[in-house]
Number of protein chains: 2
Amino acid sequence: MATIKDVARLANVSPSTVSRVLANSPRISEETKRRVRAALEQLNYHPNAFARGLVTNSTGAIGILIPPSAQEFFVNPFFAEWMAGVAEVARQRGVDTVLSTSSRGEIETLDHMIRGRRVDGVLLIGARKSDPVLHEVAKLRCPAVLLGRPADPSPISWVNNDNRRAAYDATVHLLNLGHRRIGFLGGASDLVVTIDRVAGYRQALLDHGVEPDPRLEVSSFFLEQGGYLGMMRLLAIPDRPSAVLCADDVLAFGGMRAAHELGFEVPGDLAIVGFNDIRLAELAHPALTSVRVHMHELGVRSAELLLEEIEQGKPLQRHVTVHHELVIRYSCGAKPIGTMTT
Amino acid sequence: MATIKDVARLANVSPSTVSRVLANSPRISEETKRRVRAALEQLNYHPNAFARGLVTNSTGAIGILIPPSAQEFFVNPFFAEWMAGVAEVARQRGVDTVLSTSSRGEIETLDHMIRGRRVDGVLLIGARKSDPVLHEVAKLRCPAVLLGRPADPSPISWVNNDNRRAAYDATVHLLNLGHRRIGFLGGASDLVVTIDRVAGYRQALLDHGVEPDPRLEVSSFFLEQGGYLGMMRLLAIPDRPSAVLCADDVLAFGGMRAAHELGFEVPGDLAIVGFNDIRLAELAHPALTSVRVHMHELGVRSAELLLEEIEQGKPLQRHVTVHHELVIRYSCGAKPIGTMTT
DNA sequence: CTGAAAGCGCTAACAA
DNA sequence: TTGTTAGCGCTTTCAG
């Protein structure tokens with residue numbers, strides 16, 4: 001495999017000159033550049049990323065720290081769309097994206113990537129209450145962007161939706177439709193996203209004079225199966241809800257399956273609202289009313305922010321909130337009149 | 001950031017001794033190992049991947065060459081599940097996975113990854129007729145595994161389904177249900193997977209005395225929208241098909257949407273069979289009959305094979321075919337009696 | 001405008 | 001069992 005020395009020899013210059021041509025330094029004559037480029041071409045030279053990285057201390061790659069529950073990550077269209085957004089800006093900016101898939105703990109994996117100099121910065125997905133990963137990131141002082149917001153004060157930059165407000169809006173929609181027994185079906189209860197959405201849901205209830213009932217709040221895991229199980233629990237209680245707000249579309253799908261199996265009509269017997277508005281929401285039967293959170297845009301903004309931090313070489317403590325809107329379809333019994341923007 | 005020298009100094013040994021401890025060389029005394037490990041711990045040392053890679057010439061990472069149509073890749077649950085399989089074995093074996101997302105051409109990207117020593121081998125997704133990427137891989141003689149099979153003779157290893165047979169089976173199912181006008185809705189026509197599936201479809205027709213009609217074969221792109229458009233075309237022809245085999249579930253979803261919009265009942269007026277059996281197939285309305293190709297297993301086998309090539313340090317020219325079965329649900333009008341295994 | 005030389009952090013002979 | 005040394009391929013002062 002051709003090295004910079006080979007190119008130098010062929011072009012009759014020194015390795016440093018080749019290096020300068022590679023960096024397109026203005027202090028090299030056009031004539032020389034031409035000659036070097038010809039040699040580059042002829043040998044089909046590609047710089048060794050190791051050697052370069054060793055001296056520049058930069059990798060040209062960003063990392064994604066996959067959560068321990070990799071299943072929930074890969075299988076959920078939310079993340080696929082988010083990743084598509086990330087990949088899109090990575091492509092534009094010519095950086096690689098590396099997936100962290102490690103069997104070690106999250107902290108270890110983070111160290112592996114950052115201290116091991118495999119990536120210039122990391123994207124984190126979803127925080128938990130007093131999340132140790134966030135502490136480690138703070139300690140490392142490395143470029144990092146969190147999808148979601150940290151539960152506790154943290155210097156990290158993040159990209160998020162206003163989940164509290166979004167859940168509030170969705171719940172108000174259900175209240176306006178006349179529902180009073182409204183359930184909440186969420187993901188793991190220590191996830192900040194769950195905390196925020198349940199908070200918005202409760203607030204809406206309170207603001208409309210409905211006392212929140214803890215038995216109506218169930219937390220599960222972000223898989224179709226999780227929705228199925230959660231909905232089964234919700235529908236089993238004596239004074240069952242007439243409407244359920246699901247913190248994820250995949251959860252809502254599972255919930256719908258459970259409802260159908262039990263013989264409930266959606267939306268006739270049970271109104272359902274989802275979250276995220278994945279593409280398939282429209283194709284469900286009935287088409288799912290859902291809170292659109294703009295997953296692709298979340299991905300784009302996450303990556304852009306991270307790349308900016310990397311460029312600046314330091315944490316920026318920037319926060320961006322991506323807008324959301326309620327997309328009304330048929331699963332909640334309302335007449336779909338388009339979207340309600342907030 | 002602590003280097004190997006810092007550790008050596010702290011442990012009162014030479015850097016090479018530390019290096020040996022890191023590699024767990026048996027020629028180091030337990031006593032020394034203990035001391036070094038304590039130092040490692042204390043400094044929270046993580047080896048610099050660049051420095052190590054520069055000398056060992058190996059990266060501890062595998063690459064995925066994302067196809068030019070990144071959209072179709074990320075958004076299709078098929079790939080998500082496949083990637084989950086890949087990530088699972090990557091995690092087990094402690095290697096990172098890097099996504100290639102480059103705005104250069106595919107060849108350039110491949111060179112960037114392999115010649116640039118960013119990964120030890122690559123996973124390729126889907127081949128086309130006389131695919132230049134396969135030529136480049138052959139030239140590079142690097143570890144590589146193709147998802148799908150090459151159209152032309154090639155030394156590359158691959159993991160695939162028997163797509164011809166699978167499409168044959170699905171078509172026969174439709175024929176047995178009494179259909180004679182059967183359409184085929186596929187992806188890009190120069191994709192080998194499309195070629196194989198259309199071939200199986202035609203063969204089944206021929207074997208049952210039905211003359212294939214070119215107007216009944218339409219090729220589109222692997223997105224819901226592609227299915228919608230393709231189905232619109234199929235249903236517009238005068239002697240329209242009574243059944244359609246779709247080469248992808250997402251395509252089938254789009255097709256179903258088109259059918260509904262035009263007022264056709266599925267399966268009453270139009271039988272539909274999909275391909276891949278993504279999770280949502282079960283949730284569609286009506287639940288989609290589909291050819292299960294075991295995406296996750298395809299991912300696992302792809303990664304395992306690649307890792308083996310990397311270990312051996314050379315192309316193995318191994319071929320693995322993952323089984324498939326037809327999962328009969330409600331979109332084709334048959335009574336769902338479970339799966340037909342082949 | 002270009003070259004020589006040092007050094008990034010690590011591993012792997014070769015010595016001891 | 002351990003240390004010394006050279007060198008992986010590149011960038012970057014510092015000279016010229």
Side-chain angles (χ1 to χ4, degrees), chain A residues 1-40 43-61 111-120 313, chain B residues 1-40 43-61 111-120 313:
Chain A
M1 200 116 301
T3 75
I4 203 170
K5 282 186 191 167
D6 300 321
V7 177
R9 204 171 309 131
L10 183 60
N12 243 296
V13 294
S14 75
S16 32
T17 298
V18 177
S19 178
R20 290 185 184 109
V21 173
L22 253 17
N24 200 17
S25 158
R27 320 184 325 175
I28 299 289
S29 73
E30 281 308 318
E31 159 56 14
T32 305
K33 280 189 182 172
R34 226 185 333 273
R35 240 180 31 251
V36 171
R37 290 199 175 115
L40 250 20
L43 295 176
N44 191 217
Y45 171 82
H46 280 259
N48 182 317
F50 292 139
R52 176 175 281 180
L54 189 52
V55 31
T56 62
N57 240 320
S58 93
T59 67
D111 283 352
H112 165 83
M113 308 205 79
I114 296 292
R115 305 183 86 116
R117 300 235 126 67
R118 258 159 260 264
V119 298
D120 295 332
Chain B
M1 198 116 304
T3 76
I4 203 171
K5 280 187 192 166
D6 300 321
V7 177
R9 203 171 309 131
L10 183 60
N12 242 295
V13 293
S14 75
S16 37
T17 298
V18 177
S19 177
R20 290 184 186 107
V21 173
L22 253 17
N24 200 16
S25 158
R27 321 183 327 176
I28 299 290
S29 74
E30 281 308 318
E31 160 55 16
T32 305
K33 280 189 183 172
R34 226 184 334 272
R35 241 185 26 254
V36 170
R37 291 202 175 112
L40 251 18
L43 296 175
N44 191 219
Y45 171 82
H46 278 259
N48 182 316
F50 293 140
R52 177 175 278 180
L54 189 53
V55 31
T56 62
N57 239 319
S58 93
T59 67
D111 283 351
H112 166 82
M113 307 205 80
I114 296 292
R115 306 183 86 118
R117 300 234 125 68
R118 258 159 260 262
V119 298
D120 295 332

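Protein chains get the first letters and strands the later ones, always in sequence-line order, with residue 1 at the start of each.
Between the P atom of C:dC10 and the CG atom of A:Asn57 lies a distance of 11 Å, rounded to the nearest Å. Summarising the geometry, the separation between CD1 on A:Ile28 and C1' on C:dC1 is reported as 6 Å, rounded to the nearest angstrom.
Listed here is the closest heavy atom pair of A:Arg115 and B:Leu43: NH2-O, 4.2 Å. Smallest separation of non-hydrogen atoms from B:Thr32 and B:Ser29: OG1-OG, 2.7 Å. When all heavy atoms are compared, the tightest approach of A:Ala2 to A:Asp6 is CA-OD2, 3.4 Å.
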Using atom types as modelled, flag every donor-acceptor pair under 3.5 Å from a side chain in residues 46-53 of chain B to any protein atom, sequence neighbours excluded.
residue	atom	partner	partner atom	Å
B:Asn48	OD1	B:Phe50	N	2.7
B:Asn48	OD1	B:Ala51	N	3.2

Which side-chain N or O atoms in residues 7-16 of chain A pair as donor and acceptor under 3.5 Å with protein atoms at least two apart or in another chain?
residue	atom	partner	partner atom	Å
A:Ser14	OG	A:Ser16	N	3.4
A:Ser14	OG	A:Ser16	OG	2.9
A:Ser14	OG	A:Thr17	N	3.4
A:Ser14	OG	A:Thr17	OG1	3.3

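In this structure, the side chain of B:Lys33 engages the main chain of B:Ser25 through a donor-acceptor pair within 3.5 Å. A distance-only check finds a donor-acceptor pair linking the side chain of A:Asp120 to the backbone of A:Thr59 [under 3.5 Å].
Mapping B:Arg35 and A:Thr3 onto DNA chain D by nearest heavy atom places B:Arg35 at the nucleotide closer to the 5' end. Residue B:Pro26 is the one, among B:Leu54 and B:Pro26, whose nearest nucleotide of DNA chain D lies closer to the 5' end (criterion: closest heavy atom). Nucleotides of DNA chain C nearest to A:Thr32 and A:Ala51 differ in position, and the one nearer the 5' end is that of A:Thr32.
In this view, B:Arg34 and B:Glu31 satisfy the salt bridge (charged side-chain N to carboxylate O under 4.0 Å, His left out) rule, not counting sequence neighbours.
At a non-hydrogen distance threshold of 4.0 Å, A:Ile4, A:Ser16, A:Ser19, A:Arg20 from residues 4-21 of chain A come into contact with DNA chain D.
A:Asn57 has its side chain within reach of A:Arg117: a pair of non-hydrogen atoms, C-beta onward, lies under 4.5 Å apart. Inter-residue side-chain proximity for B:Val18 and B:Tyr45 is flagged as unmet; no heavy-atom pair is nearer than 4.5 Å.
Terminal axes of the helix from C:dC1-D:dG16 to C:dA16-D:dT1 (five pairs each, C1' rotation axis) are separated by 40°, to the nearest 10°.
Nucleic acid contact for A:Arg27: base, since at least one base atom lies under 4.0 Å from a heavy atom of the residue.
Taking only side-chain nitrogens and oxygens, B:Thr56 never comes nearer than 4.0 Å to OP1 or OP2 of C:dC10.
In 5' to 3' order, the nucleotides of DNA chain D bounding all contacts with chain B (an atom under 4.0 Å from a heavy atom) are D:dT1 to D:dG9.
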